[in-house]
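Residue numbers start from 1 in every chain, and the chains themselves are labelled A, B, ... in the order their sequence lines are given, proteins ahead of strands.
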Amino acid sequence: MLSAASIPVLSAPVPVSIPATSVAKPPPPPPNTNLSLLHLCTHLQEATQVHALMVKTSQTADPYSAGRLAEFYALSDRGSLEHAEKILDSFPHHPPTFVCNTLMRAYSERRNPLLSINLYRRMLVDAVEADRFTFTFTLKACTQLCALAIGMQIHAQVVKHGLESNAHIRNKLIHLYAVSGRIRDARKVFDGSTEPDVVAWNSMLQGYADMDDGENLHNLFDSMPARDVVSWNTMIAYYIEAGEFEEAILMFRLMQQSSECGLNRVTLISVLSAVTQLGALGQGQWVHAYIKRHAIELDENLSSALINMYSKCGCIEGAIYSFETTHRRSVDTWNAMIGCFTANGCSLRAIDLFSKMEASGLMPNKITFTCVLNACSHGGLVDRGIRYFEKMSNVYGIEPDVGHYGCMVDLFSRAGLFEKAEEIIQRMPIEPDKVMWKAVVGACRVNKNYELGEKAGLKLIEIDPDDNAGYVLLSNIYAMSNNWNGVYRVRKLMHDRGIKKVPGCSSIELDGLVHEFIAGDAAHARKKEIYKMLDEMAQKLKRAGYEPDTTQVLLDIEEADVKESSLALHSEKLAVAYGLISTSPGATIRVVKNLRICGDCHSALKLLSQIYDRNIIVRDANRFHHFNRGSCSCMDYW
DNA sequence: GACTCCCGCT
């Protein structure tokens with residue numbers, strides 16, 4: 001629709017002023033009214049009117065004007081790729097280079113690099129002169145396609161045109177070689193440049209980071225004459241990718257101390273990701289405070305990262321606050337918040353928020369339903385789960401994927417409805433994955449269905465023989481049914497195949513430092529106090545009527561011999577003991593465990609939350625347990 | 001007349 005103000009302008013073109021007198025030297029090009037009008041257009045229809053005007057005056061035959069028009073159509077948010085292509089087609093024999101370049105750029109931006117390459121081919125056929133922009137755009141397309149062979153041909157063309165020293169082209173070549181795993185070729189281009197700019201350095205950094213070559217990465221980073229925000233972000237992302245989250249945060253600290261450059265949204269999102277995986281709430285809150293202090297607007301990405309951080313730190317209030325202070329909410333924002341309620345055991349709130357999302361008119365996606373269905377299975381809401389599963393395809397036209405079927409299998413298995421679970425597995429059109437079998441084994445263990453548990457455990461090992469989880473779970477099933485022969489067979493199988501059980505590890509963050517404990521750990525500087533505290537805990541637990549659940553020890557393949565004493569030294573208990581001696585009375589204790597919490601620790605922590613009057617929040621591999629006044633938010637349903 | 005490098009996850 002045209003706005004009222006713009007109608008008279010368009011219907012009565014402003015006269016073009018033409019110099020009254022002719023001069024000896026060629027006159028400068030007249031200011032082009034139509035082209036200026038183009039950029040005032042707020043809608044596509046307005047632009048097509050200007051376009052029509054230009055056709056009428058044959059202006060579109062002029063390469064420059066056609067170029068600007070193509071640029072507007074192809075790249076502005078008011079444009080249309082189809083219209084831009086029509087401009088290209090209006091030059092059937094020899095389209096202007098600029099028009100070709102602009103379209104290639106647009107194709108790349110819209111993630112359609114194949115069209116870029118095709119257009120470049122057409123330029124070759126039509127003998128359209130390529131320039132430095134042509135090569136940057138085609139190289140970008142090659143990079144997106146990982147088309148190394150074509151990229152090398154273009155590299156040859158670049159040399160032929162004498163454009164090897166062009167910074168943009170050179171950087172694109174480095175990037176292409178780096179992401180194609182040809183780091184030595186990337187280095188050759190890099191070393192061949194007289195004065196590589198920071199983008200060239202960064203592209204090399206990225207190459208080494210992708211190759212997981214920490215040594216060269218560090219050498220390069222240290223020898224950089226100047227580092228910008230991208231350089232630092234690349235290093236931080238490298239550590240996150242490598243799972244070295246503390247190093248990532250350390251890098252972030254160094255970045256701030258160096259004051260070489262400021263940080264940006266990418267930095268914040270990366271750091272939040274590291275903090276999230278560590279479960280280090282204090283550092284996450286620091287990032288949030290930074291965002292507020294610098295009045296950085298929460299866009300949908302940053303807010304999702306923030307909500308996710310609070311969620312994974314078990315801090316529901318923080319997540320809600322972040323959600324509510326986000327002005328532009330996307331599906332991801334809603335998903336993050338619904339997922340937070342789900343993971344923290346607030347199934348009904350998750351479902352309630354989903355209803356609000358529906359009411360807001362936003363379309364839920366696959367992930368939304370994964371979160372909602374998960375809420376139903378964790379909350380034991382079988383009927384609702386079935387309803388949402390049906391609604392997903394019937395109302396929203398979303399085909400269930402393996403994850404959704406997994407939620408349903410989980411939903412039925414947890415509720416002990418194993419026939420229903422098996423029915424789904426048999427009838428679904430996708431092969432069951434290992435997540436699904438893990439859910440089945442877990443539920444079989446809780447509901448003591450040893451027969452199906454064994455079958456599922458064997459499936460698990462068959463699907464992924466390298467994953468230790470299958471062996472551990474199967475052995476647990478055997479141990480619970482007193483099938484010691486089975487336990488022995490699994491243990492031998494693990495040994496023969498060189499599979500190692502991942503040791504349980506719990507961490508707790510205090511004053512910006514993350515302390516890690518493994519079972520029976522004696523490495524901590526304050527180990528004497530910690531063990532004294534453990535003794536006290538054990539005594540108080542006993543007085544409160546707690547009985548160590550030694551069946552849990554039998555399940556633990558590698559520690560079957562030490563029984564009761566080994567239970568008392570489980571990593572989560574150590575972390576809690578350290579939390580108790582290091583924080584003030586009443587303070588919440590937050591622990592992150594890499595595996596699922598053990599059943600004995602679960603009962604012990606319930607009592608301890610009462611004995612010491614503390615909120616104890618444990619994030620395990622699957623979900624959260626908020627222990628408070630003797631009970632847990634999971635309602636023992638996990 | 002314009003362009004290149006970094007994030008996010010079930």
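- Among the protein residues, Ala305(A) comes within range of no part of the nucleic acid, since none of its heavy atoms lies under 4.0 Å from any strand.
- Residue-to-nucleotide contacts include no donor-acceptor pair under 3.5 Å from the side chain of Thr234(A) to the base of dC6(B).
- Residue Asn374(A) is classed as having no contact, given no heavy-atom separation below 4.0 Å to the nucleic acid.
- Using a 4.0 Å heavy-atom cutoff across all strands shown, Gly67(A) reaches at least one base atom of the nucleic acid.
- Summarising the geometry, the separation between CE on Met408(A) and C1' on dT10(B) is reported as 18 Å, rounded to the nearest angstrom.
- An OP1 or OP2 oxygen of dT4(B) is reached within less than 4.0 angstrom by no side-chain nitrogen or oxygen of His175(A).
- Both tests do not hold together for Arg78(A) against Phe72(A): distance to the six-membered ring centre under 6.0 Å, angle to the ring axis within 45°.
- Phosphate contact (OP1/OP2 of dC6(B), side-chain N/O of Asn264(A), threshold under 4.0 Å): absent.
- Figure legend: Arg227(A) and Trp201(A) shown without cation-pi pairing, the cationic atom not lying both under 6.0 angstrom from the six-membered ring centre and within 45 degrees of its axis.
- Each of dC3(B), dT4(B), dT10(B) was ranked by its minimum atom distance to the side chain of Ile367(A); first place goes to dT10(B).
- Residue Thr370(A) is classed as a sugar-phosphate contact, given heavy-atom separations below 4.0 Å to backbone atoms only.
- Residues Ser304(A) and Asp332(A) bring no donor and acceptor atom of their side chains to less than 3.5 Å of each other.
- Using a 4.0 Å cut-off, some side-chain N or O of Arg105(A) falls inside it from OP1 or OP2 of dC3(B).
- For the pair Leu139(A) CG and dT4(B) P, the computed distance is 12 Å after rounding to whole Å.
- Nearest to the side chain of Val199(A), among dT4(B), dC6(B), dC7(B), sits dT4(B).
- Atom pair Ile169(A):CD1 and dC3(B):P shows a separation of 14 Å (rounding to whole Å applied).
- Asp210(A) and Gln206(A) share a side-chain donor-acceptor pair at under 3.5 Å.
- One interatomic measurement links the two molecules: CG of Asp410(A) to C1' of dT10(B), which rounds to 14 Å at whole-angstrom precision.
- Salt-bridge formation is detected for the pair Lys434(A)/Asp464(A): a Lys NZ or Arg NE/NH1/NH2 atom is positioned less than 4.0 Å from an Asp or Glu carboxylate oxygen.
- For Ser203(A), whose side chain is taken as the heavy atoms from C-beta onward, the closest listed nucleotide among dC5(B), dA2(B), dC7(B) is dC5(B).
- The distance from atom CG of Asp228(A) to atom C1' of dT4(B) is 12 Å, rounded to the nearest whole Å.
- Atom CG in Leu103(A) sits about 15 Å away from atom C1' in dG1(B), given to the nearest Å.
- Atom CD of Gln277(A) is separated from atom C1' of dT10(B) by 13 Å (rounded to the nearest Å).
- Side-chain atoms of Val230(A) lie closest to dC6(B) of the nucleotides dC6(B), dC7(B), dA2(B).
- Contact annotation for Asn101(A): base contact, defined as any heavy-atom pair under 4.0 Å involving a base atom.
- Using a 4.0 Å cut-off, some side-chain N or O of Lys172(A) falls inside it from OP1 or OP2 of dC5(B).
- Across all strands shown, Lys140(A) has heavy atoms under 4.0 Å from sugar-phosphate atoms exclusively, and none from any base.
- Side-chain atoms of His155(A) and Tyr177(A) form a donor-acceptor pair, as typed in the model, at a separation below 3.5 Å.
- Stacking of the aromatic ring of His168(A) onto the base of dC3(B) is found: the ring centres lie under 5.5 Å apart and the planes are inclined by under 30°.
- Per the geometry, CD belonging to Glu129(A) stands 18 Å off P belonging to dG1(B), to the nearest Å.
- Phe98(A) does not qualify as a stacking partner of the dA2(B) base, lacking a centre-to-centre distance under 5.5 Å together with planes within 30°.
- Distances from the side chain of Arg68(A) to the nucleotides dA2(B), dG1(B), dT4(B) place dG1(B) closest.
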